[in-house]
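Quick note: residue numbers are just sequence positions, from 1. Being a predicted model, the structure only gives us computed values, none of them experimental.
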Amino acid sequence: YAEIQVGNATGGDLKIYHDSSHSYVKDAGTGELRLEAGAGGVRIQRASGHTGIFYNVGGQVELYYDNALRLKTTDTGVNITDTLNVAGVSTFSGNINSDSNITTTADITSRYLTAQDVFITGVSPEVRFTDTDNNPDWSMRANSGLLVIKDYSNSVNKLVFNTSGMVATGVLTATSF
């Protein structure tokens, strides 16, 4: 195979070569392998032009899957396109904003949420409770000044809280007041 070596008289610290299957750029010395651009950016792409990684000098880093942007750094954090799958413990500080649903398929038995305040906002925000059959069993929804607790399995609003009190559908048992 052909090999280009750049370095001192005793051997090349930087090697560029091709074996019968692959091409390599190898840092064989001490320190880091650095790619630098004075302007524009650094792009890693396949021969057909599909981008895998793009670094904009002085700006964002973008990660792509099959030429579709999936993750982009910004001056305030990271934007993720489509689905984020997280395994293990996830710790968030500050706000969690979502333009779509936030769901979990994790086993949350004996898990808990510790927070000073939890705010769920939207036109008609809803929290659904689903067990292992993956069908929602109960939900709580705020809508037009009402708080509705719904039996999803039977599609019945069981409790409706409004400004004048509460309306119950079905049997309501109170043990003491």
Side-chain angles (χ1 to χ4, degrees), residues 35 37 39-46 48-177:
L35 302 175
V42 175
R43 185 178 305 270
I44 298 174
Q45 65 185 39
R46 67 183 191 204
S48 64
H50 284 202
T51 298
I53 300 173
F54 176 70
Y55 163 66
N56 181 17
V57 173
Q60 78 275 8
V61 174
E62 300 172 352
L63 297 178
Y64 293 78
Y65 178 82
D66 196 23
N67 211 38
L69 180 63
R70 294 296 181 221
L71 184 140
K72 178 180 180 179
T73 62
T74 69
D75 61 342
T76 59
V78 176
N79 291 337
I80 296 173
T81 306
D82 293 328
T83 302
L84 170 65
N85 293 313
V86 179
V89 175
S90 302
T91 303
F92 301 93
S93 62
N95 295 330
I96 300 172
N97 298 314
S98 173
D99 294 332
S100 186
N101 295 329
I102 298 175
T103 60
T104 180
T105 57
D107 175 9
I108 57 171
T109 305
S110 301
R111 306 288 201 290
Y112 54 89
L113 173 66
T114 303
Q116 181 176 352
D117 297 299
V118 176
F119 298 97
I120 302 173
T121 59
V123 174
S124 183
E126 181 177 32
V127 177
R128 292 186 187 173
F129 301 92
T130 303
D131 60 22
T132 56
D133 66 4
N134 293 321
N135 294 316
D137 296 309
W138 291 90
S139 73
M140 289 191 312
R141 176 182 294 246
N143 190 1
S144 301
L146 303 175
L147 175 64
V148 178
I149 298 177
K150 180 177 183 176
D151 174 355
Y152 237 90
S153 301
N154 298 306
S155 193
V156 175
N157 293 339
K158 289 294 193 174
L159 291 173
V160 178
F161 298 89
N162 56 36
T163 56
S164 58
M166 175 184 74
V167 176
T169 302
V171 177
L172 178 64
T173 303
T175 57
S176 64
F177 284 95

Atom of [X], atom of [Y] and distance for their closest heavy-atom approach:
| X | Y | result |
| --- | --- | --- |
| V42 | A37 | CG2-CB, 3.9 Å |
| V78 | T74 | N-OG1, 4.2 Å |
| I149 | W138 | CG2-CE3, 4.0 Å |

message: Pair Y55, I44 - check side chain to side chain contact (heavy atoms under 4.5 Å, CB included), show working.
response: CA-CA 9 Å; Y55 163 66; I44 298 174; over 6 Å; no
Which value, rounded to the nearest 0.5 Å, describes the distance between [X] atom [atom1] and [Y] atom [atom2]?
| X | Y | atom1 | atom2 | value |
| --- | --- | --- | --- | --- |
| T51 | L63 | OG1 | CG | 11.5 Å |
| N79 | R70 | CG | CZ | 14.0 Å |
| L71 | Y64 | CG | OH | 11.0 Å |
| F54 | Q60 | CZ | CD | 6.0 Å |
| S144 | N162 | OG | CG | 12.0 Å |
| E126 | N143 | CD | CG | 10.0 Å |

task: Assess whether side chain to side chain contact (heavy atoms under 4.5 Å, CB included) is satisfied between M140 and L159, documenting all intermediate values.
output: CA-CA 9 Å; M140 289 191 312; L159 291 173; over 6 Å; no
message: Within a 6.0 Å radius of atom OH on Y152, are there more than 12 heavy atoms belonging to other residues, nucleotides or ligands?
response: yes
- prompt: Side chain of T73, backbone of V61: donor and acceptor closer than 3.5 Å?
  reply: yes
- prompt: Between N157 and K150, is there a donor-acceptor pair closer than 3.5 Å when you use the side chain of the first and the backbone of the second?
  reply: no
